[in-house]
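In this text the structure is predicted, and so the values were computed from the model without any measurement.
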Amino acid sequence: MKRTGFLLVTLLLALSMILCGCEKQASDVPAGMQLASSEDADYLFYVPEGWRVDKSSLYAAAYFSSGDATSISVTAFGVNMTDDTVSSWWENYTEQFTGIYEKMEVTAQEEAVLGGIDGMKYTFDATLNEKEYRYIIVAALRENYIYYITYTSTPEYYEDHLDELDLVLEHFAFK
């Protein structure tokens, strides 16, 4: 009888530890948000609940809906040795845009923080296949990698999701 009681208590303790572990893991996700990055990423990327998470590409991304294709994505890649600041990376990166976009105009540029690291925020308008888009890129250098979050929208939906972008930026963290 004592052995059965001991096994029952042990089983209950193990079950409670498992449940507590699950609660802890779930509570790490900010309220109203969902994890959009993979376990292998060296960052945590959260997006609002209801956004459609796409982990099928090389970067983490989420889209609002099929009717409103506003998206937020995270990209990370090694930088050239000449890109020792976010500004130098941006200059080299925007040179690539001339072959992609029919028109591109940077409308704002300011200092920003990404995952606790000082960086830059770039806002620009661009035309692709005669369709207008508005972008915000927040970028930071960390351990010879550039990390950047890209917010993409059409002019009619651009203002609708800026608060959600602020939440994404607030909760982005490096592991």
Side-chain angles (χ1 to χ4, degrees), residues 25 28-30 33-49 51-65 68-129 131-155 157-158 161-175:
Q25 201 171 21
D28 289 344
V29 176
M33 302 192 82
Q34 61 183 320
L35 184 63
S37 53
S38 74
E39 291 179 17
D40 297 332
D42 63 345
Y43 54 83
L44 298 169
F45 170 50
Y46 301 101
V47 296
E49 289 177 348
W51 281 59
R52 298 174 183 189
V53 175
D54 179 7
K55 294 182 184 178
S56 64
S57 58
L58 295 175
Y59 52 89
Y63 305 88
F64 184 72
S65 72
D68 171 357
T70 299
S71 67
I72 301 174
S73 62
V74 177
T75 307
F77 61 88
V79 293
N80 296 326
M81 295 306 289
T82 58
D83 292 333
D84 58 351
T85 66
V86 174
S87 296
S88 64
W89 165 80
W90 176 252
E91 287 176 29
N92 291 327
Y93 189 60
T94 55
E95 285 177 16
Q96 298 173 18
F97 290 155
T98 58
I100 298 171
Y101 295 110
E102 296 146 20
K103 177 182 116 180
M104 179 187 164
E105 178 185 358
V106 176
T107 58
Q109 149 177 332
E110 61 188 89
E111 293 180 355
V113 175
L114 181 62
I117 297 176
D118 292 337
M120 293 295 294
K121 176 180 177 181
Y122 302 95
T123 305
F124 63 98
D125 297 331
T127 304
L128 179 64
N129 296 328
K131 186 163 178 141
E132 291 181 30
Y133 294 94
R134 291 201 171 148
Y135 297 88
I136 294 174
I137 291 181
V138 178
L141 281 172
R142 178 179 180 255
E143 299 175 2
N144 294 326
Y145 280 83
I146 187 82
Y147 293 82
Y148 59 97
I149 293 182
T150 304
Y151 174 79
T152 307
S153 190
T154 56
Y157 294 111
Y158 178 80
H161 305 289
L162 290 176
D163 289 342
E164 292 162 304
L165 172 62
D166 289 342
L167 282 173
V168 168
L169 292 170
E170 176 185 337
H171 295 291
F172 181 86
F174 291 103
K175 292 181 182 176

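Partners of Thr154 by side-chain hydrogen bond (donor to acceptor under 3.5 Å, both in side chains), not counting sequence neighbours, listed by chain and number: Glu156. Residues forming a side-chain hydrogen bond (donor to acceptor under 3.5 Å, both in side chains) with Tyr93 (at least two apart in sequence, or on another chain): Tyr148. Shown here are the side-chain hydrogen bond (donor to acceptor under 3.5 Å, both in side chains) partners of Asp68, two or more places apart in sequence or in another chain: Thr70, His161.
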Less than 3.5 Å apart, which donor and acceptor atoms pair up between the side chains of residues 102-114 and the rest of the protein, not counting sequence neighbours?
residue	atom	partner	partner atom	Å
Glu102	OE1	Glu130	N	3.0
Glu102	OE2	Asn129	N	2.6
Glu102	OE2	Glu130	N	3.2
Thr107	OG1	Thr123	O	3.2

Identify all side-chain donor-acceptor contacts of residues 135-143 below 3.5 Å with residues at least two apart in sequence or on another chain.
residue	atom	partner	partner atom	Å
Tyr135	OH	Tyr101	OH	2.9
Arg142	NH1	Asp42	OD2	3.3

Distance-only check: which donor-acceptor pairs under 3.5 Å involve side-chain atoms of residues 168-175, not counting sequence neighbours?
residue	atom	partner	partner atom	Å
Lys175	NZ	Glu39	O	2.8
Lys175	NZ	Ala41	O	2.8

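Of the inter-residue distances, the one linking Leu44 atom CG with Met33 atom CE reads 11.5 Å to the nearest 0.5 angstrom. To the nearest 0.5 Å, atom OG of residue Ser87 and atom OH of residue Tyr122 are 4.0 Å apart. The OH atom of Tyr151 lies 9.0 Å from the OG atom of Ser71; values are rounded to the nearest 0.5 Å. How far CH2 of Trp89 is from CE of Met120: 11.0 Å, rounded to the nearest 0.5 Å. In this structure, OH in Tyr63 is found 4.5 Å from CG in Asp54, a value given to the nearest 0.5 Å. Atom CG of residue Asp125 and atom OH of residue Tyr133 lie 13.0 Å apart, to the nearest 0.5 angstrom.
Nearest heavy-atom pair across Phe45 and Ala61 is CE2-N, 4.1 Å.
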### Query
Between Phe124 and Phe97, does a side chain to side chain contact (heavy atoms under 4.5 Å, CB included) hold up when you go through it step by step?
CA-CA 11 Å; Phe124 63 98; Phe97 290 155; 3.9 Å; yes
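Counting only distance, with no hydrogens or angles, the side chain of Ser153 and the backbone of Tyr158 share a donor-acceptor pair below 3.5 Å.
You'll find the side chain of Tyr59 stays beyond 4.5 Å of the side chain of Thr150, heavy atoms only.
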